[in-house]
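These notes are about the structure you will find just below.
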Amino acid sequence: MPQQNQQPQPSRPVRRVIIAGGGTAGWMAAAALSRTLGKVLDIKLIESDDIGTVGVGEATIPSLAQFHRLIDIDEREFMAATQATFKLGISFENWRARGENYIHAFGSTGIDHWTAGFHHFWQKGRERGIAADYGDYCLEHRAARALRFGHLPDDGLVYAYHLDASRYARYLRRYAEHFGIERIEGKIADVQRDPVDGNVAALVLDSGRRLDGDLFIDCTGFRSLLLGQTMGVEYEDWSQWLFNDSAIAVQTESVGPAVPLTRAIAHDWGWQWRIPLQHRTGNGIVFSSRFVDDDTARAALLANIEGKLLTEPRVIRFTPGQRRQVWAGNVVGLGLATGFLEPIESTSIHLIQRSIVRLLQLFPTEGIEPTDVAEFNTQAADDIQTIRDFIILHYKVTERDDSPYWRAARDMTVPPSLQHRLDLFGGSGRVFRSQNELFSENSWVQVMLGQGLNPRTQHHTADVMPERELAAFLDGIRTGIDRTVAQMPAHQAYVERYCPAEKP
């Protein structure tokens, strides 16, 4: 658990906010703060054109659409500006076993009973030979497989986006500057601290300019200049559960229609992503240097891409984990400055967004309260630890034993919090989760079933339903979904009509 901030008294009122670093994290913070509090705060963002960003995360989850609605971002405009397409889920290929594929789709599957989730009824239907594949009862799953998309009434289709992260940062910059953000070009040469309380007092740029602030937001990436280096917040390493420590990213030209799915393709020592935008495809491979070298991983990536190369492959190193505090003193960290989890479930932008919303909810207008800082850190730790467990699940629960990498993943001891979930589902098919967890019961069920974990029993509510009634219940759900999907246009055609982007 994160340590509590040791400040004995509230600090001075917060009127000056300095965002250190741009990229997705910095400009998301700038956009949200300027849109909500820009009239009462002096907000500056320091960014250097000479410092690049990682910029490989191009797949998102549905919470981003909610974030955009909160700050009134127009979806069509945003999608056209970022070359975006729609995403209905993730296709996991070769994860359970070679040749075994499944989809983790957004939305819900089937209809739950108040005593038990839909998967209990589906499992009983499978035993009786009257149920189709689990994904056939999920609208998003069926639409993704059919390569179809459409906005439905009452937000009836749950979706996210594939986007160009660099273009997204530029789009948010224009948005934030409209609401008064001041962008300052320059590199941070020195961090000056208050000699009394140890908080950050000012940032000094290489030009000699000094920027004083009351609250500092660290978006300096893996350097973690303020949170890690200055405030000394320790990093908790999770590589005992998450072996991957390297990635190679490359962009290619599009060669066919964009599919509404992110593809995650397992290899013998890691996995590969494929993310379709309107005019190009984002590709990359995530791997463990303990089990493969860079050259072999690069060769495997280049042998499994489509289209002309638009960029040169580049290697990114990382240590999976999280800093023990996300808010320390008067510094709040965002994005890579706080930690890193591999992009298998597209959670990086979500974690940035969650921290921004949490900061706005706990914003220290009249001074930083230790209790607020402690609450912020507790919530942030809960968020990332449940996401960590969900990611570990993809490796621990597998039938693959064809390489040292997968054998080590299958045989590792996982965190007790995850082991409890596995034991609970494997025994009775039950999934219990806290209210604010990111991944729904349906997400846990899809991945556990997809990875090969099948419950030994199901809830008695499913046992007492007569076979004819169960068959009618299952068929009704499936027929309704088939009817809806048949009326949707092709995803590619819908994007071209709804939010066409200029070809770069």
Side-chain angles (χ1 to χ4, degrees), residues 57-70 75 78-79 84-93 95 101-112 117-119 122 133-163 258-264 273-277 341 343-351 353-354 383 386-387 390-391 393-394 431 433 435-451 477-478 480-482 484-485 488-491 494-495 498-499:
E58 296 170 326
T60 66
I61 56 179
S63 57
L64 185 61
Q66 299 167 11
F67 179 76
H68 287 171
R69 285 193 287 269
L70 288 176
E75 183 177 75
F78 142 73
M79 293 188 69
T85 60
F86 294 102
K87 173 185 173 182
L88 294 172
I90 304 170
S91 172
F92 286 97
E93 304 168 25
W95 284 78
N101 305 332
Y102 70 93
I103 293 174
H104 170 203
F106 301 137
S108 59
T109 300
I111 300 173
D112 294 337
F118 170 76
H119 60 280
W122 171 81
D133 291 339
Y134 188 71
D136 285 354
Y137 303 95
C138 174
L139 174 59
E140 289 78 10
H141 186 287
R142 294 281 288 108
R145 278 172 37 199
L147 306 185
R148 293 174 179 267
F149 184 88
H151 286 92
L152 300 182
D154 301 318
D155 297 322
L157 191 70
V158 180
Y159 62 86
Y161 311 102
H162 299 128
L163 56 86
V259 300
L261 281 170
T262 300
R263 293 182 63 189
W273 75 78
R274 192 174 295 174
I275 301 173
L277 306 186
L341 289 174
I344 186 173
E345 286 285 352
S346 312
T347 53
S348 59
I349 290 178
H350 167 81
L351 286 167
Q353 166 195 328
R354 283 277 286 182
D383 275 352
T386 55
I387 293 172
F390 191 66
I391 292 175
L393 163 65
H394 296 68
V431 179
R433 49 186 294 280
Q435 183 177 359
N436 294 320
E437 281 186 29
L438 168 60
F439 292 107
S440 66
E441 176 178 331
N442 187 49
S443 289
W444 284 93
V445 170
Q446 287 182 91
V447 174
M448 286 192 283
L449 290 176
Q451 293 288 136
I477 296 171
R478 190 181 182 196
I481 289 173
D482 287 345
T484 301
V485 171
M488 290 181 180
H491 172 251
Y494 192 86
V495 169
Y498 180 75
C499 54

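From a predicted model like this one, the values you see are computed outputs, not experimental measurements.
- For the side-chain contact (heavy atoms from CB on, under 4.5 Å) test, residues two or more places apart in sequence or in another chain that qualify with Leu147 are Val259, Pro260.
- Residues meeting the side-chain contact (heavy atoms from CB on, under 4.5 Å) test with Leu70, sequence neighbours left out: Val357.
- Side-chain contact check for Glu345 and Thr347: no donor-acceptor pair (N or O, by modelled atom type) lies under 3.5 Å.
- Side-chain atoms of Glu140 and Tyr159, non-hydrogen and from C-beta on, never get closer than 4.5 Å to each other.
- A search for side-chain contact (heavy atoms from CB on, under 4.5 Å) contacts involving Ser346 returns Ala59, Ile61, Lys87, Ile90, not counting sequence neighbours.
- Side-chain atoms of Leu438 and Arg354, non-hydrogen and from C-beta on, never get closer than 4.5 Å to each other.
- Between Val485 and Ala143, the shortest heavy-atom contact is CG2-N, 3.9 Å.
- For the pair Leu139/Met488, a side-chain contact is recorded, criterion being any heavy-atom separation below 4.5 Å from C-beta on.
- Partners of Leu64 according to the side-chain contact (heavy atoms from CB on, under 4.5 Å) rule, which considers only residues two or more places apart in sequence or in another chain, are Met28, Thr60, Phe67, His68, Tyr161, Leu163, Tyr168, Ile349, Gln353.
- A salt bridge (Lys or Arg N to Asp or Glu O under 4.0 Å) check over residues 143-156, counting only residues at least two apart or in different chains, returns the pairs Asp136-Arg145.
- Aromatic ring pairs are classed by plane angle as parallel below 30°, tilted from 30° to 60° and perpendicular above 60°; the pair Phe92 and Tyr102 is parallel.
- Smallest separation of non-hydrogen atoms from Gly107 and Asn442: O-ND2, 3.1 Å.
- Pairing each heavy atom of Ser108 with each of Cys138, the nearest pair is O-SG, 3.4 Å.
- One distance of note links CZ of Phe439 with OG1 of Thr386; it measures 8.0 Å at 0.5 Å rounding.
- Scored by the ring pair (Phe, Tyr, Trp, His ring centres under 6.0 Å) test, His104 finds Phe390 as partners (sequence neighbours excluded).
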